[in-house]
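Below is one structure, written out as structure tokens; the observations come after it.
We count ligands from 1, going down the list as the structure has it; atoms in each ligand are counted the same way.
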Amino acid sequence: MSHDELADKEPSSSEEFQLAPTGSKFRSLSPAPIPIPASPGIRSLVDSVSDETVNVDVMASHQSENGSISTASSTVSLLESEKAAYEFLAQTPVRSTDAHLIEFSEALRTVAKALRQVAEGKAAAQAEAAEWKRKYELETAQKQQSKIRGYSSCISNNLDKLASQLTLETPAPDQLGCCGKHGICAHQVLQDEVPGPIPRSNHKVGGRKAPFKLSWGCNGDKNGQHKHDFVSFEKGDITTAERSNKQILLKWESPPQTVLFITKPNSSSVRVLCAEMVRWLREYKNVNIFVDPRVSKELLTEDSYYNFVQTWDNDDDIKMLHTKVDLIVTLGGDGTVLWAASLFKGPVPPVVAFALGSLGFMTPFPSEHYRELLDNVLNGPFSITLRNRIQCHVIRDAAKDEIVTEEPFLVLNEVTIDRGISSYLTNLEVYCDSSFVTCVQGDGLIISTTSGSTAYSLAAGGSMVHPQVPGILFTPICPHSLSFRPLILPEYVTLRVQVPYNSRGHAWASFDGKDRKQLSPGDALICSISPWPVPTACLVDSTTDFFRSIHEGLHWNLRKSQSFDGPRD
Ligand SMILES: NC(=O)c1ccc[n+]([C@@H]2O[C@H](COP(=O)([O-])OP(=O)(O)OC[C@H]3O[C@@H](n4cnc5c(N)ncnc54)[C@H](O)[C@@H]3O)[C@@H](O)[C@H]2O)c1
Ligand SMILES: Nc1ncnc2c1ncn2[C@@H]1O[C@H](COP(=O)(O)OP(=O)(O)OP(=O)(O)O)[C@@H](O)[C@H]1O
């Protein structure tokens, strides 16, 4: 709306009009509308005021797209307009006592005052809205977690009752020298089972999940026990009491009974090996086998012998898988491990990953020796890497008043927020807990686990980090800035990535390279470390496997050695 149009606009019959932001977003937070007297005399005088003196265009800038109050540039022009209005008043001598002129100058002062209040009110309203939104998101995330905890404690009470009955047959953990103080037992994981009807396929599986215990070896001492207090502060002096980089061992307390197979699709070598391994496990180890519906069909097409193999019918069955499966075997590459992890939105059973892909960073087990290797794992103990996952909540601006948000995604590698098909720079605001981190202007941002540090984050210039390091990687993708270096943050922080209201386009989030979700201006993504890591079995141990992967998989720092002959010191 130009100032001419504005001046042409007739005031209401009440002889007053109101100046207030017309956008809906911050309407309730904006300063109260200010009445401005209006009369026909004002109209003629406004016509005579030049563009430089009163920039009435600024009023139009309040009505940006979506009805929201817009950008900082409008704030600047608002202030300029106010200044111009005062300058105009100072320069223009009152030549007559014309009541209209006085009325006009009063109106102009009111306009100037109103413009300033709108500018100030807008900034305050935006800050307040952002703060409320952040609080709301944190509260929703906490509610979600306490809901899960609520389930667990309800089940744990029942399990406690059950456990007290079982003590007649089973020695108490302390008698066993079991985890108690020293580690984490499988039954702690079992307590998180979600209550509900027993799925149809349940009747086929006999017995209960095999309990196991975890222990932390120290400096190669595999019998060493993990102490929970890493930091001591005796006599007021803070010392590091324990080193946290312990190799974790998993020891079965009774033999595992059920194995789940997850396999790469469309590969005949994988199909053949899967059938062979399932037969061997059944005949020589007498374990129950679970496979996904596609593999079940493939096995039954091959031979009706495989009709002992169990599968699932729906998502509810998948949710209960962790209560039945002792061990997951994956046949494929890293993508298959990611796929297997994505089936488990809660606790994940240990994963034994056989390498049938091209790179196989997270698949240390050579398939040729599967008998011997599976034998070792089924007997235990074996080393595991506890790979942290990041849980990601998408918070829609449109749904910010709703308590129930979309289901969170759990990523083993990373969540990527990028510009998708948009040709504009991505514009993302990032907050870490309550601190503003930065604005990402570039192709996007990768928020990665340490396991994912060797995947997309590495390609975007991030560091490689040992998977057992507790941290979150913050890696920009093609930032349009010379000084934007990647960061590694502690694992306890919560990150919020916000698409600003004034962003030119949408952003896209993808989770371990899948499930792309569009993020509109105002939408946010909240990321924090999930309480459900993925335990992957090591071929040797976590560190040896990591170095083998970066040497063999990525040819890290491969260079011909310098020859012995030549100049010397
Ligand atoms: N420019 C890039 O490097 C790029 C681009 C997109 C996605 N990715 C990665 O691909 C992953 C999805 O994998 P996929 O197999 O489903 O897709 P895919 O089939 O496209 O394979 C991606 C490649 O990344 C490797 N990879 C996956 N996870 C890894 C890890 N933790 N460490 C080292 N290498 C790893 C895989 O072995 C594979 O070679 C995403 O999580 C992302 O990290 C990388
Ligand atoms: N059980 C499964 N069901 C559906 N898709 C799967 C399954 N397992 C793996 N995939 C998908 O198949 C693709 C290829 O799998 P994977 O990465 O394991 O094999 P690869 O590409 O041959 O190996 P590498 O990743 O080592 O190069 C991945 O995108 C993965 O998400």
Under 4.0 Å and counting heavy atoms only, is there anything from the protein next to atom 21 (O) of ligand 2?
no
Students should be able to answer this: which protein heavy-atom is nearest to atom 25 (O) of ligand 2, and at what distance?
Asp334 N, 3.7 Å
Where does Ile262 meet ligand 2, judged by heavy-atom distances below 4.0 Å: at the side chain, the backbone, both, or neither?
side chain
Would you confirm whether the ring centroid of His322 sits within less than 6.0 angstrom of the ring centroid of Phe344?
no
For atom 8 (N) of ligand 2, which protein heavy atom lies nearest, and how many Å away is it?
Thr336 OG1, 3.5 Å
Side-chain H-bond candidate by donor/acceptor type, Thr449 with Ser451, under 3.5 Å
no
Which of parallel (below 30°), tilted (30 to 60°) and perpendicular (above 60°) describes His551 and Phe547?
parallel
Go through the side-chain N and O atoms of Ser457 and Thr475 and say whether any donor and acceptor fall under 3.5 Å apart.
yes
Please classify the Val337 to ligand 2 contact at 4.0 Å (heavy-atom distances, strictly less than): side chain, backbone, both or neither.
neither
Could you list, one pair per line, each nitrogen or oxygen of ligand 1 together with any protein nitrogen or oxygen closer than 3.5 Å, giving atom names and the distance rounded to 0.1 Å?
residue  : atom   : partner : partner atom : Å
ligand 1 : 15 (O) : Gly335  : N            : 3.4
ligand 1 : 28 (N) : Asn413  : ND2          : 2.9
ligand 1 : 31 (N) : Asn413  : OD1          : 3.0
ligand 1 : 31 (N) : Ser451  : O            : 3.1
ligand 1 : 32 (N) : Thr454  : OG1          : 2.7
ligand 1 : 37 (O) : Asp334  : OD2          : 2.7
ligand 1 : 41 (O) : Asn413  : ND2          : 3.1
ligand 1 : 41 (O) : Glu414  : OE1          : 3.4
ligand 1 : 41 (O) : Glu414  : OE2          : 2.6
ligand 1 : 43 (O) : Glu414  : OE1          : 2.5
ligand 1 : 43 (O) : Glu414  : OE2          : 3.4
ligand 1 : 43 (O) : Tyr456  : N            : 3.1

With respect to atom 14 (C) of ligand 2, which of Met362, Lys264, Arg294 exhibits the smallest heavy-atom separation?
Lys264
Between the candidates Ser358, Pro265, Ala455, which shows the shortest non-hydrogen contact distance to atom 11 (C) of ligand 2?
Pro265
Does ligand 2 have an atom under 4.0 Å from some heavy atom of Leu338?
no
Kindly assign one of parallel, tilted or perpendicular to the pair Phe546 and Phe361, based on the angle between their ring planes and the thresholds 30° and 60°.
perpendicular
Provide the number and element of each atom of ligand 2 under 4.0 Å from a heavy atom of Gly332.
18 (O)
Have Thr544 and Asp541 got a donor and an acceptor in their side chains that come within less than 3.5 Å?
yes
Among all protein heavy atoms, pick out the one at the shortest distance from atom 17 (O) of ligand 2; state its residue, atom name and that distance to 0.1 Å.
Gly335 N, 3.0 Å
Using a strict 4.0 Å cut-off to heavy atoms of Gly360, name the atoms of ligand 2 that fall inside it.
26 (O)
For the student: nearest non-hydrogen atoms of Leu327 and Pro349, plus distance:
N-CB, 4.3 Å
side-chain contact (heavy atoms from CB on, under 4.5 Å) between Tyr370 and Phe354: does it pass, once the steps are laid out?
CA-CA 8 Å; Tyr370 76 84; Phe354 284 92; 3.7 Å; yes
What I want to check is whether the side chains of His506 and Ser422 have a donor and an acceptor closer together than 3.5 Å.
no
Which residue and atom name correspond to the protein heavy atom nearest atom 1 (N) of ligand 2, and how close is it?
Thr263 O, 2.9 Å
Looking at Leu412, Asp545, Thr385, which hits side chain to side chain contact (heavy atoms under 4.5 Å, CB included) with Thr536?
Thr385
Could you say whether the N/O atoms of Leu356 and ligand 2 ever approach to under 3.5 Å?
no
For Tyr501 and Asp397, does a side-chain donor sit closer than 3.5 Å to a side-chain acceptor?
yes
Determine, for Arg371 against Glu276, whether the closest basic-nitrogen to carboxylate-oxygen distance falls under 4.0 angstrom.
yes
What atoms in ligand 2 come closer than 4.0 Å to a heavy atom of Lys514?
29 (O), 31 (O)
Does the side chain of Arg396 reach to within under 4.5 Å of the side chain of Glu406, using non-hydrogen atoms?
yes
